[in-house]
Amino acid sequence: MSIILIKKVIRKSIVQSIKSCDYDLNINEKDIKLDETKNKDIGDISTGISFVLSKKNQQTPIQIAQNIIENISINKNLIIKISVSKPGFINFHLNIKTLYENLFQIIIKNKKYGQSSIGTNKKALVEFVSANPTGPLTVGHGRQAVLGDVVSRILEFNGYSVEREYYYNDAGRQMRVLEESIKSRFIQIFDEKNEFPEDGYFGEYIEDIAKDILIKELELKNLKELNIFLTNLNASDKKLHLKNIDRINFRKFGEKVIFNNIKNTLKRININFDNFINEQKFYDDGSIDSILKIFEKTKLSYKKDGAVWLKTSNFGKEVDTVIIKNTGEPTYRLPDIAYHTNKIKRGYDLIINILGADHKDTVPDVLNGVKALGFEINHIKVLIHQFVSLIVKNEKIKMSTRKANFVTLDDLIDMVGVDITRYFFIMRGKQSHLNFDIDLAKKESDENPVYYLQYAYARICNILKFLDEEVNLELKKTNFNLLIEKEEISLMKCLNCFDEIIIDSLNTLEPQTLANYLQQLATSFHKFYANHRVINKNKELTNSRIKLILSAKIVLENGLDILGINHPEKM
RNA sequence: GCGCCUGUAGCUCAGCUGGAUAGAGCGCUAGCCUCCGGAGCUAGAGGUCACAAGUUCAAAUCUUGUCAGGCGCACCA
């Protein structure tokens, strides 16, 4: 029986016992907090409920604990022993049979082991990355990309059918600046003195795009040919080439190149989006107009200084917010509201939006706007993650695509590989302000914790290769009772917790919970491996241990699959 | 100035719905392969859990204040 169900049984038994002891306290099962004990000699699961009870009842915690365990009735097949310790804890000792039974379940269920049915027949939408195509994805985007993908995988493991969605805007100010930047670099090819826009995109990729455009214009094959062409150019030729510049669509070309690059990068780290949604859609289908009319009608918006304002002060904000500039152009909030109502109308059971900390303050505006339009928003979850800071020569640098002080996600993948890239971002909580030191990343990549997990997996695969044909591996004939060593038991206990970890990561949507668990599991396996031989002269014991490591293999595999990390059989 | 996030070992970070002796990796010190992979295992050094008060039987965890850092507070997205 899984740890979740065992805990349920314990809670129920405690509540019944408390009632039969006539203690004065209204307590239900949810109030009984159960903890894993650190020291397994004391017990496996403990509770401090006696401390709570001793307050209203004139007895010491120890006395209460004694009373509770004297009056408790609990299935001996699950809990073999209950004890009281020091100031008044009640400790439950698991019956080892439950661990054996769990191994059996793991092997039967295999890839399905640990899955819950919470999301069965439910649809979820996860929106993430959503970077406008103004430059390559940076390690900053990488954090969000991996977080979003793993959140999606957690949902899928729990039965949800998930759509991954990327929302972008290729019409705003950013894109105009991009266009000017490319154009300026293009002109600079012929006229070095041409001024580059002060707030332009300074990255080298802009020059590359400009050159690509020229290569295409001149119908050349590659950069080499272009360089030859340019060295042979005289002054009057240069002017000639700048003459036709207005018919070139710099923005469109740039967008195409950059978007391809972004999609490529995502593909490299095994992230595949189902939908790409362009903001323009909501102008075209009239939803922005109709929302505007509703706001006007319900007096949630008003005109002032030539602009249209949304009364965000009605939602508890200090000031109102402009939704249409005096130029007649909407700010991003309006299409965002339209987009979110569109998400809701598409009928998902769960809508997740992953955003960087810089967007946090806009969330209430959008959600309140959607709510004001009469939509239910309880099934929308917004996950905020903190930034990745770049450490260069021991100094923190804020990454900016515009200022071109960033490390691209592609560079990171080139340096350390896909698995370490993914693991790097999910082994830490999304609220941590990550420091990314590129030199350290290179240096540590050989010693990275992700290898520790993969090594455990590869070791298991390797052992299985040495199996003697004479060993009877029939599951029903397996004598689990032979697994009694300390390391075997702690490995089995670890395996027993997987389903709880899964539920936990579903509730919190924090992937690092799972990453931490897998580290523990790998440790537990490596310790077992170091102390005991799986394949040994005793064929019956060999079979039992094979079942144990097979279970570890299955759980490692299921866990790594959720994290989207490979588990090679050889390293 | 206001709001949100963070401060834990030399470094990078777990632990945070309060529970028993605060953990991991890297780095440092010393051990362990006749034997299924030493990318591993064992032992050790290293901590006023930023600081201060409070709540509690119990605080790294909750509350308040202070200090330090990140991010917001646009007719940018």
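Since the model is a prediction, treat every value here as computed from it, not as a measurement.
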Visitor: Starting from C1' on B:rA77, measure out to CZ on A:R402 and report it in whole angstrom.
Guide: 13 Å
Visitor: Rounded to whole Å, how long is the line connecting atom CZ of A:F387 with atom P of B:rG70?
Guide: 12 Å
Visitor: Whole-Å distance between B:rG72 P and A:Q386 CD?
Guide: 11 Å
Visitor: Under 3.5 Å, is there a donor on one side chain and an acceptor on the other for A:Q59 and A:Y23?
Guide: yes
Visitor: B:rA39 C1' sits how many Å from A:I460 CD1, rounded?
Guide: 15 Å
Visitor: Would A:F466 pass as stacked on B:rC36, i.e. its ring centre under 5.5 Å from the base's six-membered ring centre and planes under 30° apart?
Guide: no
Visitor: Give me the distance, rounded to whole Å, that separates B:rG69 from B:rU8 when you measure between the P atoms they each carry.
Guide: 14 Å
Visitor: Please give the distance between the P atoms of B:rA68 and B:rU56 as a whole number of Å.
Guide: 32 Å
Visitor: Reckon A:Y529 touches a base, only the sugar-phosphate, or nothing at all at heavy-atom distances under 4.0 Å?
Guide: base
Visitor: By nearest atom, which of the nucleotides B:rC57, B:rG40, B:rC76 is closest to the A:Y455 side chain?
Guide: B:rG40
Visitor: Provide, to the nearest angstrom, the distance between the CD atom belonging to A:E510 and the P atom belonging to B:rU17.
Guide: 12 Å
Visitor: Between the base of B:rA20 and the side chain of A:T37, is there any donor-acceptor pair under 3.5 Å?
Guide: no
Visitor: Could you tell me if A:N132 and A:D170 have a donor-acceptor pair between their side chains, going purely by distance under 3.5 Å?
Guide: no
Visitor: Remember a base hit wins even if backbone is also touched, and classify A:H385 as base, sugar-phosphate or nothing at under 4.0 Å, heavy atoms.
Guide: nothing
Visitor: Tell me whether B:rC11 sits syn or anti, counting syn as a glycosidic angle within 90° of 0.
Guide: anti
Visitor: Would one find a side-chain N or O of A:Q519 under 4.0 angstrom from OP1 or OP2 of B:rG23?
Guide: no
Visitor: Can you tell me how far C1' of B:rC57 sits from CD1 of A:I64, to the nearest Å?
Guide: 11 Å
Visitor: Can you tell me which nucleotide in B:rG38, B:rG40, B:rG19 comes closest to the side chain of A:D35?
Guide: B:rG19
Visitor: Among B:rA20, B:rC57, B:rG19, which is the nearest nucleotide to the side chain of A:K33?
Guide: B:rG19
Visitor: How close or far is atom C1' of B:rA77 from atom CZ of A:F128, stated in whole angstroms?
Guide: 19 Å
Visitor: Just list the side-chain donor-acceptor pairs under 3.5 Å for residues 380-387 of chain A, sequence neighbours left out, or say none.
Guide:
residue, atom, partner, partner atom, Å
A:H385, NE2, A:Q144, NE2, 2.8
A:Q386, NE2, A:Q431, OE1, 3.3

Visitor: Show the distances under 3.5 angstrom between N or O atoms of the protein and N or O atoms of nucleotides 10-12 of chain B.
Guide:
residue, atom, partner, partner atom, Å
B:rU12, O2', A:R428, NH1, 3.3
B:rU12, O2', A:R428, NH2, 3.0

Visitor: Quiz question: going by heavy-atom distance under 3.5 Å, is there a donor-acceptor pair between the base of B:rA74 and the side chain of A:D361?
Guide: no
Visitor: Please state the P separation for the pair B:rC16 and B:rG23 - nearest whole angstrom.
Guide: 14 Å
Visitor: Select from A:N132 and A:F89 the residue whose nearest nucleotide in RNA chain B is closer to the 5' end of that strand.
Guide: A:F89
Visitor: So what does A:G356 touch, heavy atoms closer than 4.0 Å: a base, only the sugar-phosphate, or nothing?
Guide: nothing
Visitor: Which nucleotide, B:rC41, B:rA20, B:rC57, lies nearest any side-chain atom of A:H526?
Guide: B:rC41
Visitor: If I pick the P atom on B:rC35 and the same atom on B:rA24, what distance separates them, to the nearest angstrom?
Guide: 30 Å
Visitor: 5'-most contact on RNA chain B: A:R533 or A:S85, nearest heavy atom basis?
Guide: A:S85
Visitor: Is the shortest side-chain N/O distance from A:Y452 to OP1 or OP2 of B:rC41 below 4.0 Å?
Guide: yes
Visitor: Under the side chain to side chain contact (heavy atoms under 4.5 Å, CB included) test against A:L483, which residue among A:L103, A:T478, A:L491 passes?
Guide: A:L103
Visitor: Could you tell me if A:T321 and A:T312 have a donor-acceptor pair between their side chains, going purely by distance under 3.5 Å?
Guide: yes
Visitor: Measure from the side chain of A:K325, starting at C-beta and using heavy atoms only, and say which of B:rC36, B:rA77, B:rA20 lies closest.
Guide: B:rA77
Visitor: Is it the case that A:Y339 and A:E165 place a side-chain donor and acceptor less than 3.5 Å from each other?
Guide: yes
Visitor: By nearest atom, which of the nucleotides B:rC4, B:rC57, B:rC36 is closest to the A:V534 side chain?
Guide: B:rC36
Visitor: Ignoring hydrogens and geometry beyond distance, is a side-chain donor-acceptor pair present between A:S85 and A:N91 at under 3.5 Å?
Guide: yes
Visitor: Taking side chain to side chain donor-acceptor pair (under 3.5 Å) as the definition, give me every residue that meets it alongside A:Q454, ordered by chain and number, with sequence neighbours left out.
Guide: A:D419
Visitor: Can A:N543 and A:K547 be counted as having a side-chain donor-acceptor contact under 3.5 angstrom?
Guide: yes
Visitor: Can A:S83 and A:H93 be counted as having a side-chain donor-acceptor contact under 3.5 angstrom?
Guide: yes
Visitor: Considering only atom P, compute the distance from B:rC51 to B:rA22 and round it to an integer number of Å.
Guide: 16 Å
Visitor: Can you tabulate the close N/O pairs, meaning under 3.5 Å, that link protein atoms to atoms of nucleotides 42-46 of chain B?
Guide:
residue, atom, partner, partner atom, Å
B:rU42, OP1, A:K527, NZ, 3.4

Visitor: Would you mind telling me which of B:rC75, B:rA20, B:rC36 lies closest to the side-chain atoms of A:I463?
Guide: B:rC36
Visitor: Can you name the residues that form a side chain to side chain donor-acceptor pair (under 3.5 Å) with A:T362, not counting sequence neighbours?
Guide: none
Visitor: Taking only Lys NZ, Arg NE, NH1 and NH2, and the carboxylate oxygens of Asp or Glu, determine whether A:K8 and A:E29 approach each other closer than 4.0 Å.
Guide: no
Visitor: Counting only side-chain heavy atoms from C-beta out, which of B:rU21, B:rC71, B:rC36 sits nearest to A:A357?
Guide: B:rC71
Visitor: Which of these nucleotides, B:rG19, B:rC36, B:rG38, is closest to any side-chain atom of A:R459?
Guide: B:rG38
Visitor: Any donor-acceptor pair, under 3.5 Å, between the side chain of A:D358 and the base of B:rC71, if you only look at N and O atoms?
Guide: no
Visitor: Would you indicate what A:K570 reaches in the nucleic acid, counting non-hydrogen atoms under 4.0 angstrom: base, sugar-phosphate, or nothing?
Guide: base
Visitor: What integer number of Å spans the C1' atoms of B:rU48 and B:rU12?
Guide: 22 Å
Visitor: In whole Å, what is the span from the CD atom of A:Q431 to the P atom of B:rG70?
Guide: 17 Å
Visitor: Can you check the distance between B:rG10 and B:rA45, where both ends of the measurement are the P atom (answer in whole Å)?
Guide: 15 Å
Visitor: Where does RNA chain B form stems of at least three consecutive Watson-Crick or G-U wobble pairs, each pair having both distances below 3.5 Å?
Guide: B:1-7 with B:67-73, B:10-13 with B:23-26, B:28-32 with B:40-44, B:50-54 with B:62-66
Visitor: How far, in whole Å, is B:rA50 from B:rG15 if one measures between their P atoms?
Guide: 15 Å
Visitor: Tell me, with the steps shown, if A:Y167 and A:F276 meet ring pair (Phe, Tyr, Trp, His ring centres under 6.0 Å).
Guide: CA-CA 6 Å; A:Y167 175 68; A:F276 285 85; over 10 Å; no
Visitor: Would you check if there is a donor-acceptor pair between the side chains of A:D284 and A:Q280 at a distance under 3.5 Å?
Guide: yes
Visitor: Whether A:Y167 contacts B:rA77 is assessed here as follows: a side-chain N or O lying under 4.0 Å from the phosphate OP1 or OP2. Is that the case?
Guide: no
Visitor: Any salt bridge linking A:R402 with A:D199? Criterion: basic side-chain nitrogen under 4.0 Å from a carboxylate oxygen.
Guide: no
